[in-house]
Colleague: 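The structure's right below; bear with me while I get my questions together.
In listed order, ligands and their atoms are each counted from 1.
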Amino acid sequence: MKFFIDTANLAQIKEAQNMGVLDGVTTNPSLMAKEGIKGQDNILKHYVDICNIVTGDVSAEVIATDYEGIVREGETLVELHPQIVVKVPMIADGIKAIKYFTEKGIKTNCTLVFSAGQALLAAKAGATYVSPFIGRLDDVSTDGLSLIEDIRLIYDNYGYETQILAASVRHPMHIIECAKIGADVVTCPLNVIASLMKHPLTDNGLAQFLADAKK
Ligand code: G3P
């Protein structure tokens, strides 16, 4: 399973990269705004800065919601760096644009996916990644992990190569369950990735070993 970090914070991206387990980055307009990145030139430069830190795919989201605008923005984004993946919302013009990008050999990430039907459409359009937001489904009393199970089943039934990128991942059990189901990628904040490491018996055991080593 691939691990992506879901942030536009360069320090956190560097830290995750230094951990040695990072496979890519996802961003969105909210995450860019959180870092105070404003203005088209600064936003584009920030994507390049991210690409220069990591070795894997970096999702950069379009703002346009009409077909021509999505295509125009996406083509500008992919010119920035070979690692850029165009992140496109799950709307009718978005699906049409994903089909266009797929035919041009441009990687895409279909975002804001909340149902199996949406994921099926994204795969039919040839999306490289589909991003079901599991935490936001949990927030409205709907089981986000069940959606990952449904998408896995559907994609396996038909051999769709679109990778399931579980997004809105909030805690370590989301990651473990996604791994059991067979999600291809999880994207989450640094603290959620780091939380996989923690176990009190590891800490206690290490403290004991270090104490004994001094004897
Ligand atoms: O990048 C999209 C997704 O991961 C957002 O997560 O926590 O804002 O629901 P969250």
Colleague: Is there a side chain to side chain contact (heavy atoms under 4.5 Å, CB included) between Ile53 and Leu10? Walk through the geometry before answering.
Modeller: CA-CA 8 Å; Ile53 297 171; Leu10 298 181; 3.9 Å; yes

Colleague: I'd like to know if the side chain of His174 and the backbone of Arg170 have a donor-acceptor N/O pair within less than 3.5 Å.
Modeller: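 The answer is yes, because a donor-acceptor pair under 3.5 Å joins these two groups.
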
Colleague: With only distance considered, is Asn28 within less than 3.5 Å of ligand 1 through an N or O on each side?
Modeller: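 Yes.
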
Colleague: Find all atoms of ligand 1 within a distance of less than 4.0 Å from any non-hydrogen atom belonging to Asp6, and give their numbers and elements.
Modeller: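 In order of number, 1 (O), 2 (C), 3 (C), 4 (O), 5 (C), 6 (O).
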
Colleague: What is the nearest protein non-hydrogen atom to atom 6 (O) of ligand 1, stated with its residue, atom name and distance?
Modeller: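 Among all protein heavy atoms, the one nearest atom 6 (O) of ligand 1 is Ser168 CA, 3.3 Å.
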
Colleague: So is Lys87 in contact with ligand 1, going by heavy-atom distances below 4.0 Å?
Modeller: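 True for this residue.
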
Colleague: Hey, which of Asp150, Thr142, Asp143 is the one that makes side-chain hydrogen bond (donor to acceptor under 3.5 Å, both in side chains) with Ser146?
Modeller: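 Per the side-chain hydrogen bond (donor to acceptor under 3.5 Å, both in side chains) rule, the option paired with Ser146 is Asp143, out of Asp150, Thr142, Asp143.
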
Colleague: Is there side-chain contact between Lys2 and Val186, with heavy atoms separated by less than 4.5 Å?
Modeller: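 No, their side chains stay 4.5 Å or more apart.
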
Colleague: What atoms of ligand 1 come closer than 4.0 angstrom to any heavy atom of Arg170?
Modeller: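 Checking each atom against Arg170, I get 7 (O), 9 (O), 10 (P).
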
Colleague: So, are Arg152 and Glu149 salt-bridged, with charged N and O less than 4.0 Å apart?
Modeller: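 Between Glu149 and Arg152 there is no salt bridge, as every charged N stays at least 4.0 Å from the carboxylate O atoms.
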
Colleague: Could you tell me whether ligand 1 has any atom less than 4.0 Å away from a heavy atom of Thr26?
Modeller: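 No.
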
Colleague: Kindly confirm or rule out an N or O of Arg136 lying under 3.5 angstrom from an N or O of ligand 1.
Modeller: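 There is such a contact, yes.
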
Colleague: Quick one: does Gln17's side chain have a donor or acceptor within less than 3.5 Å of a partner on Ile13's backbone?
Modeller: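 No, Gln17 side chain to Ile13 backbone: no donor-acceptor pair under 3.5 Å.
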
Colleague: Within a distance under 4.0 Å of any heavy atom of Phe133, pick out the atoms of ligand 1 and give their elements.
Modeller: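 Under 4.0 Å from Phe133, ligand 1 has these atoms: 2 (C), 3 (C).
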
